[in-house]
Amino acid sequence: MKKVFKKIKTVKGELSFAGDKSISHRAVFFASMAEGKSVIRNISSSEDVKSTQKVFSELGVEFFHDNSDLIIQGKGRNKFKAPVKNLDCGNSGTTARLISGLLVAQKFSSVLIGDNSLSKRPMKRVIEPLSLMGGKIESVNSVLPLQIFPSESLRAIEYSLPVASAQVKSAVLIAGLHLNDETKVIEKFITRDHTERMLGLPVNTIENFKIVSSSEKYFPTAKEYFIPGDISSAAFFIVLTLITENSELIIKDVSLNPTRTGFIEVLKKMNADIKIENVRESSNEPFGDLIVRSSHLTNIRIDPSIIPNIIDEIPVLSIAGIFAEGNFEIRNCEELRYKESDRINAICENFRLTGLDVEEFPDGFRISGEIKKAKVNFNSFNDHRIAMAFSILAMMVGNESSVDEIECVGISNPTFYEQIDSLIK
């Protein structure tokens with residue numbers, strides 16, 4: 001389905017978001033692994049998190065809804081049932097990679113599958129460490145489907161992440177929860193830390209390396225979770241407000257996890273007027289309110305060390321960049337090529353449609369010049385973050401600019417367009 005946009009005049013209002021997608025995934029994981037009843041409040045409504053729930057349903061976990069709360073009757077350690085069919089992870093890389101860490105420790109065989117997009121994404125990065133632990137995983141060309149077999153000798157390891165990946169880190173740590181000895185994951189570049197926060201895992205820093213440990217004594221127990229609003233979903237509305245004249249937006253109860261607010265830090269360095277208020281904490285996760293106002297932005301050099309923590313926000317950050325003073329350039333983000341689409345190429349192709357000058361690199365891109373075309377039909381590449389980012393740009397261009405295949409926004413924020421309509425004036 002194509003959506004056509006008129007030029008936006010101003011943004012005014014207040015928003016709150018369904019729970020952060022990354023935190024929601026982990027809450028479902030740990031509630032399902034725990035024995036007994038857990039409650040999750042403000043869980044993400046995304047299709048990705050629903051994929052995680054569906055996989056655990058196939059493993060015998062029971063889910064109930066009580067108004068907006070999700071109640072989970074967890075199975076407990078090594079009490080999952082063998083699935084009677086393939087475990088479908090949909091479009092969710094988080095589901096596929098994290099569940100691999102759980103399944104290598106089970107006493108039954110299983111097969112992980114996904115949709116066409118997920119089936120092209122690299123799984124070698126999770127297969128290798130889990131195999132080092134004694135996990136038995138088979139795959140053709142290191143992509144889905146993955147066949148996972150019972151292991152007779154799963155063992156603890158010390159593993160240095162070769163790529164910055166919270167998903168790989170989490171898979172190894174989850175496998176380590178089934179072992180007496182400590183499993184350690186070492187990372188040079190700090191990645192999202194929701195897993196270690198939620199489980200209360202020990203974290204040490206030695207010579208600028210972060211070391212996270214897990215063992216059976218940290219196996220999750222039943223509890224109540226509150227999931228802060230999704231900062232990645234909020235990012236699109238933050239940028240829209242910043243680049244629209246005479247605008248102000250209040251965002252309530254949004255995640256302020258320091259491994260997720262790199263995007264805010266970059267925008268502030270670009271002269272964005274963003275204030276943080278009313279900071280609290282739940283399950284070791286900070287959250288609070290944001291007040292965002294129209295700003296005159298200036299492009300900056302983006303430090304490579306922050307890339308892992310802004311990777312999902314780069315598409316919409318590039319939209320802010322073309323309305324900022326100076327050229328926008330970002331490098332060291334080759335990981336974008338292995339998302340739901342090749343996001344580097346998708347971003348560059350869409351910007352070329354506007355007449356902007358675009359240079360594409362193996363690990364990033366540079367955008368300069370001015371928008372020359374008054375009516376543009378952008379391609380979503382069936383990628384939710386590309387669809388939402390270029391919906392923002394289509395609103396700025398106006399003149400009935402449009403975005404194709406917008407249904408994919410449901411992967412992370414099914415209410416995206418309703419929220420947009422509630423704010424624009």
Side-chain angles (χ1 to χ4, degrees), residues 10-27 38-46 49 67-70 166 190 192-200 203 223-244 246-295 297 306 309-310 312-313 316-317 320 388 392 412-416 418-425:
T10 187
V11 174
K12 298 285 183 183
E14 180 177 305
L15 283 180
S16 58
F17 291 88
D20 179 274
K21 190 156 69 84
S22 294
I23 301 173
S24 294
H25 275 297
R26 287 155 176 82
S38 294
V39 179
I40 304 178
R41 305 192 190 284
N42 197 41
I43 191 167
S44 169
S45 57
S46 69
V49 173
N67 295 320
S68 60
D69 296 342
L70 180 66
I190 303 302
R192 295 179 181 182
D193 63 356
H194 304 304
T195 296
E196 47 266 49
R197 281 177 179 266
M198 195 169 285
L199 290 171
V203 178
K223 61 180 291 188
E224 182 176 307
Y225 300 89
F226 169 76
I227 312 299
D230 193 325
I231 188 71
S232 293
S233 293
F236 300 94
F237 298 88
I238 292 170
V239 167
L240 179 62
T241 304
L242 291 173
I243 62 178
T244 305
N246 304 313
S247 296
E248 179 176 297
L249 175 64
I250 299 172
I251 300 174
K252 305 288 286 186
D253 297 336
V254 71
S255 171
L256 297 175
N257 181 297
T259 67
R260 301 292 298 284
T261 53
F263 168 74
I264 302 294
E265 294 171 24
V266 170
L267 286 174
K268 283 187 169 183
K269 290 177 181 177
M270 292 172 67
N271 198 40
D273 186 351
I274 303 173
K275 291 183 172 58
I276 299 174
E277 294 185 348
N278 197 21
V279 178
R280 293 98 78 206
E281 199 170 89
S282 175
S283 298
N284 297 320
E285 289 283 355
F287 65 100
D289 304 335
L290 299 178
I291 302 173
V292 186
R293 297 185 177 93
S294 306
S295 302
L297 303 176
I306 205 170
N309 294 332
I310 64 169
D312 285 340
E313 289 77 44
V316 74
L317 183 62
M388 290 187 283
I392 300 302
S412 59
N413 185 3
T415 61
F416 176 76
E418 289 87 343
Q419 289 173 322
I420 288 289
D421 290 341
S422 74
L423 295 176
I424 58 177
K425 307 297 179 184

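- Asn257 and Thr259 share a side-chain donor-acceptor pair at under 3.5 Å.
- Panel note: side chain Thr10, backbone Asn246; a donor-acceptor pair is recorded below 3.5 Å.
- Looking at Glu418 and Ser422, their side chains never come closer than 4.5 Å, going by heavy atoms from C-beta outward.
- Under a 3.5 Å cut-off, the side chain of Arg197 and the backbone N or O of Asn284 do form a donor-acceptor pair.
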Quiz item: Would Ile420 and Phe237 count as a side-chain contact (heavy atoms from CB on, under 4.5 Å) if you check the C-alpha gap in whole Å, the side-chain angles of each, and the deciding distance to 0.1 Å?
Solution: CA-CA 8 Å; Ile420 288 289; Phe237 298 88; 3.5 Å; yes
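- Between Ile23 and Met198 there is a side-chain heavy-atom pair separated by less than 4.5 Å.
- Looking at Ser295, its side chain does come within 3.5 Å of a backbone N or O of Asp273 through a donor-acceptor pair.
- For the residue pair Gln419 and Asn413, a side-chain donor N or O sits within less than 3.5 Å of a side-chain acceptor on the partner.
- No side-chain donor-acceptor contact under 3.5 Å links Arg293 to the backbone of Ile291.
- At least one side-chain heavy atom of Leu290 sits under 4.5 Å from a side-chain heavy atom of Ile231.
- Taking CD of Glu14 as the start and CG of Asp289 as the end, the distance is 8.0 Å to the nearest 0.5 Å.
- For the pair Asp253 (side chain) and Pro228 (backbone), a donor-acceptor distance under 3.5 Å is absent.
- To the nearest 0.5 Å, atoms CD1 (Ile251) and CD1 (Ile276) are separated by 11.0 Å.
- Across all their heavy atoms, Ile227 and Ala27 have their closest contact at CD1-CB, 3.8 Å.
- A search for side-chain contact (heavy atoms from CB on, under 4.5 Å) contacts involving Ser232 returns Arg192, Asp230, Arg260, Asp312, Glu313, Arg385, not counting sequence neighbours.
- Atom NE2 of His194 sits about 6.0 Å away from atom CZ of Arg26, to the nearest 0.5 Å.
- Ser294 is linked by a side-chain contact (heavy atoms from CB on, under 4.5 Å) to Ser247, counting only residues two or more places apart in sequence or in another chain.
- At a threshold of 4.5 Å between non-hydrogen side-chain atoms, the residues Phe17 and Asn42 do not count as touching.
- With hydrogens and angles ignored, the 3.5 Å screen pairs no side-chain donor or acceptor of Asn271 with any backbone N or O of Leu297.
- Ile310 CD1 to Glu265 CD: the interatomic distance, rounded to the nearest 0.5 Å, is 9.5 Å.
- Ser38 contributes a side-chain N or O that, together with a main-chain N or O of Lys223, makes up a donor-acceptor pair within less than 3.5 Å.
- Pairs of residues two or more places apart, or lying in two chains, never qualify as ring pair (Phe, Tyr, Trp, His ring centres under 6.0 Å) while including a residue from residues 247-266.
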